[in-house]
Peer 1: 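Structure in structure tokens, see below.
Computed from a prediction, not measured in an experiment: that's the story for all the values here.
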Amino acid sequence: MPADEILISETEIQNRLPELAAEINEALPDGPIHVVIILKGAIIFGVDLARALMRNATLGFLAASSYGAGTKSKGRVQIDTEHLGEIEGRNVLLIDDILDTGHTFAKTIDILGDKRPASLRTCVLMDKPARRETEIQADHVGFTIENHFVVGYGLDCDEAYRTLPDIRIYAPE
């Protein structure tokens with residue numbers, strides 16, 4: 001299998017979730033929040049993190065893609081906001097799987113900002129700064145990784161490997 005090498009174990013992920021939740025709760029104002037999860041890659045992490053926050057939270061979703069099929073970003077970001085939910089005047093937490101080139105993340109933040117949230121914080125499971133092409137950072141980061149194409153815990157390659165409980169390096173033969 002081209003995804004045998006574990007980069008971040010299931011145990012490491014599960015141990016990091018309550019730490020991230022504590023950081024986010026400290027930074028966000030008290031009260032209810034609206035959690036926006038970028039689909040599909042962040043769905044598992046986003047739901048796990050939303051539960052770990054132990055706050056009154058509603059969920060919204062954005063479908064974003066810049067990859068299509070394969071392991072290289074196409075540079076063209078497509079975003080569907082149909083299931084975003086109400087943003088205006090609310091405290092919003094944006095959750096994504098990986099901050100890579102930054103194009104998708106930057107465009108998503110712009111879209112949410114245009115909807116006038118009361119506050120907007122961002123969290124990514126993984127940050128891959130070696131690939132950054134835009135000047136953008138997440139407020140909260142689970143793990144910083146080297147320049148690997150990774151799968152598992154929601155992340156895929158051509159829709160495969162999403163259900164792995166850990167993060168693995170994808171190295172096609």
Peer 1: For the residue pair L125 and I98, establish whether any side-chain heavy-atom pair is separated by less than 4.5 Å.
Peer 2: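 L125 vs I98: side chains apart.
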Peer 1: Can you name the side chain to side chain contact (heavy atoms under 4.5 Å, CB included) partners of T163, sequence neighbours left out?
Peer 2: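 Checked T163 against side chain to side chain contact (heavy atoms under 4.5 Å, CB included); zero matches.
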Peer 1: Quick check: do I38 and I95 have side-chain heavy atoms less than 4.5 Å from each other?
Peer 2: no
Peer 1: Grab the two heavy atoms, one from G46 and one from I37, that are nearest each other, plus how far apart they are.
Peer 2: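 Heavy atoms of G46 and I37 come nearest at C-CD1, 3.6 Å.
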Peer 1: Not counting sequence neighbours, which residues clear side chain to side chain contact (heavy atoms under 4.5 Å, CB included) with A57? List them please.
Peer 2: I33, V35
Peer 1: Output all residues satisfying side-chain hydrogen bond (donor to acceptor under 3.5 Å, both in side chains) with E23, sequence neighbours left out; order by chain, then residue number.
Peer 2: R16
Peer 1: Mind checking what makes side chain to side chain contact (heavy atoms under 4.5 Å, CB included) contact with A138, not counting sequence neighbours?
Peer 2: L99, F105, T122, V124, V141
Peer 1: Only one of L120, D114, T104 forms a side chain to side chain contact (heavy atoms under 4.5 Å, CB included) with I109, so which one is it?
Peer 2: L120
Peer 1: So, for P117 and V92, which heavy atoms are closest and what is the spacing to 0.1 Å?
Peer 2: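 What the structure gives for the nearest pair is CB-CG2, 3.8 Å.
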Peer 1: Residues two or more places apart in sequence or in another chain: which of them pass salt bridge (charged side-chain N to carboxylate O under 4.0 Å, His left out) with D80?
Peer 2: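 D80 satisfies salt bridge (charged side-chain N to carboxylate O under 4.0 Å, His left out) with no residue once adjacent residues are dropped.
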Peer 1: Stepwise, does the salt bridge (Lys or Arg N to Asp or Glu O under 4.0 Å) test hold for D100 with R132?
Peer 2: CA-CA 6 Å; D100 193 355; R132 197 82 79 248; over 6 Å; no
Peer 1: Which residues satisfy the side chain to side chain contact (heavy atoms under 4.5 Å, CB included) test with I8, sequence neighbours excluded?
Peer 2: E12, I13, M126, F143, I145, I167
Peer 1: Report the residue from I111, V36, I87 that forms a side chain to side chain contact (heavy atoms under 4.5 Å, CB included) with T81.
Peer 2: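 When I111, V36, I87 are each tested with T81, the side chain to side chain contact (heavy atoms under 4.5 Å, CB included) holds only for I111.
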Peer 1: Grab the two heavy atoms, one from A118 and one from N91, that are nearest each other, plus how far apart they are.
Peer 2: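 Heavy atoms of A118 and N91 come nearest at CB-OD1, 3.7 Å.
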Peer 1: Kindly give the heavy-atom pair with the smallest separation between A3 and R168, and that separation in Å.
Peer 2: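 So the two residues come closest at O-CD, 2.9 Å.
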Peer 1: Of all heavy-atom pairs between P29 and S119, which one has the smallest distance, and what is that distance?
Peer 2: CD-OG, 3.9 Å
Peer 1: Could you note down all residue pairs passing salt bridge (charged side-chain N to carboxylate O under 4.0 Å, His left out) where residues 88-97 supplies at least one of them, sequence neighbours left out?
Peer 2: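 The answer is E88-R116.
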Peer 1: Does anything in residues 143-154 form a side-chain hydrogen bond (donor to acceptor under 3.5 Å, both in side chains)? List the pairs, not counting sequence neighbours.
Peer 2: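 Every pair satisfying side-chain hydrogen bond (donor to acceptor under 3.5 Å, both in side chains) with a residue in residues 143-154: D48-Y153.
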Peer 1: I want to check something: taking the side chain as every heavy atom from C-beta on, are L17 and R51 in contact at a cut-off of under 4.5 Å?
Peer 2: no
Peer 1: Quick one: closest heavy-atom pair of I136 and G102, and the distance?
Peer 2: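 Scanning both residues, the minimum pair turns out to be CG2-CA, 3.9 Å.
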Peer 1: Let's go through D127 and Q137 carefully: what are the C-alpha distance in whole Å and the side-chain angles of both, what is the deciding distance for side-chain contact (heavy atoms from CB on, under 4.5 Å) to 0.1 Å, and is it a yes or a no?
Peer 2: CA-CA 9 Å; D127 184 15; Q137 298 295 321; 3.9 Å; yes
Peer 1: Quick check: do L94 and C123 have side-chain heavy atoms less than 4.5 Å from each other?
Peer 2: no
Peer 1: With side-chain hydrogen bond (donor to acceptor under 3.5 Å, both in side chains) as the test, would you mind laying out the steps for H34 and E86 before giving the verdict?
Peer 2: CA-CA 8 Å; H34 186 62; E86 185 59 40; over 6 Å; no
Peer 1: Is there a side-chain contact between L84 and K115, using heavy atoms and a 4.5 Å cut-off?
Peer 2: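 Yes. Closest side-chain heavy atoms under 4.5 Å.
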Peer 1: Got a sec, which residues hit side-chain hydrogen bond (donor to acceptor under 3.5 Å, both in side chains) with E5, two or more places apart in sequence or on another chain?
Peer 2: none
Peer 1: Is I6 reachable from Y161 through a run of hydrophobic residues whose side-chain heavy atoms are each under 4.5 Å from the next?
Peer 2: no
Peer 1: With the side chain counted from C-beta on, respond yes when I24 and L49 share a heavy-atom pair under 4.5 Å apart, and no when they do not.
Peer 2: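 Touching, per the 4.5 Å side-chain cut-off.
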Peer 1: Assess whether side-chain hydrogen bond (donor to acceptor under 3.5 Å, both in side chains) is satisfied between S9 and D166, documenting all intermediate values.
Peer 2: CA-CA 5 Å; S9 72; D166 44 35; over 6 Å; no
Peer 1: Among all residues two or more places apart in sequence or in another chain, which pass the side-chain hydrogen bond (donor to acceptor under 3.5 Å, both in side chains) test with T108?
Peer 2: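 Residues passing side-chain hydrogen bond (donor to acceptor under 3.5 Å, both in side chains) with T108: none at all.
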Peer 1: Once side-chain hydrogen bond (donor to acceptor under 3.5 Å, both in side chains) is applied, do any residues pair with K40, and if so which ones, sequence neighbours excluded?
Peer 2: E159
Peer 1: Could you give me the CA-CA distance, side-chain angles and deciding distance for L28 and R55, then say whether side-chain contact (heavy atoms from CB on, under 4.5 Å) is met?
Peer 2: CA-CA 11 Å; L28 278 169; R55 294 174 74 147; 3.5 Å; yes
Peer 1: Would you say D156's side chain and G41's backbone share a donor-acceptor pair under 3.5 angstrom?
Peer 2: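 Pair absent, no side-chain N/O of D156 close to backbone of G41.
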Peer 1: Any side-chain heavy-atom pair from P2 and F149 closer than 4.5 angstrom?
Peer 2: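 With C-beta onward as the side chain, the pair stays apart.
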